[in-house]
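Note that the coordinates shown come from a computational prediction; the quantities given were computed from them, not determined experimentally. Chain naming here is simple, since letters A, B, ... match the order of the sequence lines and numbering starts at 1 in each.
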There are 2 protein chains.
Amino acid sequence: MDIGKYKSHDRILVAVDCIIFGFDGQHLQALLIKRGFEPEKGKWSLMGGFVNQDESTDDAAIRILNQLTGMDNIYMEQLYCFSDVNRDLAGRVISIAYFALINIADYNEQLQSEHEARWFPLDKIPALVFDHKEMVATAKARLQAKVTNHPIGFELLPEKFTLPQLQNLYEAIYESELDKRNFTKKILALGILNKLDEKEKASSKKGAFYYVFDKNKYRKLHSEGVKFI
Amino acid sequence: MDIGKYKSHDRILVAVDCIIFGFDGQHLQALLIKRGFEPEKGKWSLMGGFVNQDESTDDAAIRILNQLTGMDNIYMEQLYCFSDVNRDLAGRVISIAYFALINIADYNEQLQSEHEARWFPLDKIPALVFDHKEMVATAKARLQAKVTNHPIGFELLPEKFTLPQLQNLYEAIYESELDKRNFTKKILALGILNKLDEKEKASSKKGAFYYVFDKNKYRKLHSEGVKFI
DNA sequence: ACAAAAGTGTTCATCCTACACCCATGG
DNA sequence: CCATGGGTGTAGGATGAACACTTTTGT
């Protein structure tokens with residue numbers, strides 16, 4: 001491909017870094033790895049990698065996420081481009097950050113060990129390389145804002161979940177407690193959850209009914225103006 | 001600077017493109033230029049340019065915006081990274097799009113001519129090069145979302161403005177009409193506008209009082225949870 | 001029987017929406 | 001004096017927040 005007039009301009013290394021969120025039932029977690037190469041080898045880091053000539057940053061993020069988790073079809077969205085001149089100790093690299101939401105139970109523990117990956121609760125993130133701390137903070141803020149108007153919280157839960165589990169999730173994301181009755185009322189009023197006959201009995205004696213998110217009902221409703229929790 | 005282990009990776013041309021919004025009192029406008037170089041020379045385009053090794057994308061956007069408008073201290077925020085492999089006809093270029101809000105009256109007409117720049121109402125944007133149409137659409141959506149919770153509309157107005165002018169602006173952004181009484185009530189209740197004694201008499205016989213945005217009052221209030229219009 | 005979590009309604013305050021007339025002034 | 005746009009208040013409906021007791025069942 002002819003690069004024509006562009007020849008004389010600076011070319012820059014472009015990376016993607018992924019903030020991967022999971023939920024263990026109580027706390028919101030981020031998946032971090034021990035960085036495997038210099039500089040800063042051995043330090044905690046987001047999973048990342050370089051963007052190739054023949055792939056979009058979206059494709060690169062998908063590839064890199066799959067490398068770490070073995071998972072496909074993960075909810076992911078572009079977060080922000082971090083481009084400070086000295087953000088990477090080894091040279092000029094701009095990074096397009098992505099955040100991903102995964103059901104922590106689907107996560108393949110086996111792959112984890114190759115990269116020395118570990119989940120950290122968001123309030124216990126260790127020191128991270130470069131500007132990764134800022135990336136995590138930005139991702140958390142984006143998640144909080146987004147979850148208010150979009151049904152992405154379900155990405156962090158198993159297919160079947162109970163209302164108490166869902167409420168715990170929202171409480172973890174918002175870092176504040178919600179009223180059980182108001183929460184139930186609001187979420188059920190949306191008409192996007194289907195109640196199953198089955199109960200989850202592990203976490204209480206009475207047991208809580210399972211629900212599933214009905215994407216079709218949501219789409220119909222989503223023509224205009226959705227408000228979540 | 002040592003680029004260490006990164007040497008073997010692909011380097012990519014990184015551009016920024018600016019969606020520049022202005023407001024003429026009635027319609028929301030975007031500032032476009034006739035592209036001055038190949039490929040697609042002579043076609044309508046967003047103002048853009050390449051990011052240098054020694055500058056952040058923010059700095060590049062500021063530089064490029066200044067080149068076109070001669071203006072500094074412009075409200076600008078990063079929009080999105082567009083990175084499709086074939087988005088630029090002349091080769092692999094990723095573009096970080098920024099959107100800017102300027103007071104159209106401050107805009108220096110002189111500079112305009114160098115770049116053959118012109119304002120276009122948002123509903124009359126001509127065909128644009130590459131993926132710039134998508135960029136404009138994304139910027140418009142972001143502006144609509146952002147203006148609801150953040151006092152950035154004022155960036156599009158002169159320092160002194162009337163309530164009818166402000167309402168026209170919000171109507172232009174939302175593409176819908178607002179009730180005058182409700183609008184006035186809501187915006188004044190925020191307590192972030194200072195009324196002047198002076199009236200604007202050009203657009204009506206009675207004249208409308210000028211107001212100014214009080215950034216300090218806003219900051220105090222902004223500790224937590226602002227809702228705008 | 002009791003501990004532990006699930007489930008369920010009502011009241012009050014607040015916010016949003018709809019709506020119409022008088023005012024000031026330049027021509 | 002009249003045409004034009006500026007300015008103002010209220011009532012009804014919808015939404016959000018606060019709040020406590022009963023149910024189920026495993027131990």
Task: From A:Gln78 atom CD to A:Ile96 atom CD1, the distance as rounded to the nearest 0.5 Å - done: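 The CD1 atom of A:Ile96 is 6.0 Å from CD of A:Gln78, to the nearest 0.5 Å.
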Specify the separation, in whole Å, of atom [atom1] of [X] and atom [atom2] of [N].
| X | N | atom1 | atom2 | value |
| --- | --- | --- | --- | --- |
| A:Leu188 | D:dG16 | CG | P | 15 Å |
| A:Lys180 | D:dA17 | NZ | P | 18 Å |
| B:Leu163 | D:dG7 | CG | P | 6 Å |
| B:Ile187 | D:dT8 | CD1 | P | 15 Å |
| B:Asp179 | D:dG5 | CG | P | 18 Å |
| A:Arg181 | D:dA20 | CZ | P | 8 Å |
| A:Phe183 | D:dA17 | CZ | P | 13 Å |

Open item on the list: What verdict does the salt bridge (charged side-chain N to carboxylate O under 4.0 Å, His left out) test give for B:Arg87 and B:Glu134, after you've listed the backbone C-alpha separation in whole Å, the side-chain angles of each residue and the deciding distance to 0.1 Å?
Closed with: CA-CA 11 Å; B:Arg87 56 171 295 283; B:Glu134 188 188 348; over 6 Å; no
Task: Identified side chain to side chain contact (heavy atoms under 4.5 Å, CB included) partner of B:Tyr98 from the options B:Ile19, B:Thr57, B:Asp17, B:Ile62 - done: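 One option only clears the test, and that one is B:Thr57.
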Task: Single hit among A:Leu128, A:Ile125, A:Val129 for side chain to side chain contact (heavy atoms under 4.5 Å, CB included) with A:Trp44 - done: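 Exactly one option meets the side chain to side chain contact (heavy atoms under 4.5 Å, CB included) with A:Trp44, and it is A:Leu128.
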Open item on the list: Among residues 200-212 of chain A, which ones have heavy-atom contacts with DNA chain C below 4.0 Å?
Closed with: A:Ser203, A:Ser204, A:Lys205, A:Lys206, A:Gly207, A:Ala208, A:Phe209
Task: Axial cation check for B:Phe120 ring with B:Arg118, 6.0 Å and 45° limits - done: yes
Task: Where chain B begins and ends its contact with DNA chain C, read 5' to 3' at 4.0 Å from heavy atoms - done: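 Listing 5' to 3', DNA chain C meets chain B from C:dT17 to C:dG26.
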Name each donor-acceptor pair under 3.5 Å that joins a side chain in residues 155-167 of chain A to protein atoms two or more places apart or in another chain, with its distance.
| from | atom 1 | to | atom 2 | distance (Å) |
| --- | --- | --- | --- | --- |
| A:Lys160 | NZ | A:Glu198 | OE1 | 2.9 |
| A:Lys160 | NZ | A:Glu198 | OE2 | 3.0 |
| A:Thr162 | OG1 | A:Gln165 | N | 3.2 |
| A:Gln165 | OE1 | A:Thr162 | N | 3.0 |
| A:Gln167 | NE2 | A:Glu171 | OE2 | 3.1 |
| A:Gln167 | NE2 | A:Leu178 | O | 2.9 |

Task: Test item: side-chain donor near acceptor, A:Ser56 and B:Asp84, under 3.5 Å - done: no
Open item on the list: Between B:Pro121 and B:Gln26, is there a side-chain heavy-atom distance shorter than 4.5 Å?
Closed with: no
Open item on the list: Between A:Asn182 and B:Pro164, which residue's closest nucleotide on DNA chain D lies nearer the 5′ terminus?
Closed with: B:Pro164
- [ ] Evaluate the ring planes of A:Tyr170 and A:Tyr174, with Trp represented by its six-membered ring, and classify them as parallel (under 30°), tilted (30 to 60°) or perpendicular (over 60°).
- [x]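 If you compare the ring of A:Tyr170 with that of A:Tyr174, the planes turn out tilted.
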- [ ] Check whether the side chain of B:Lys185 and the base of D:dT10 form a donor-acceptor pair under 3.5 Å.
- [x]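 Counting by modelled atom types and ignoring angles, a donor-acceptor contact under 3.5 Å is found here.
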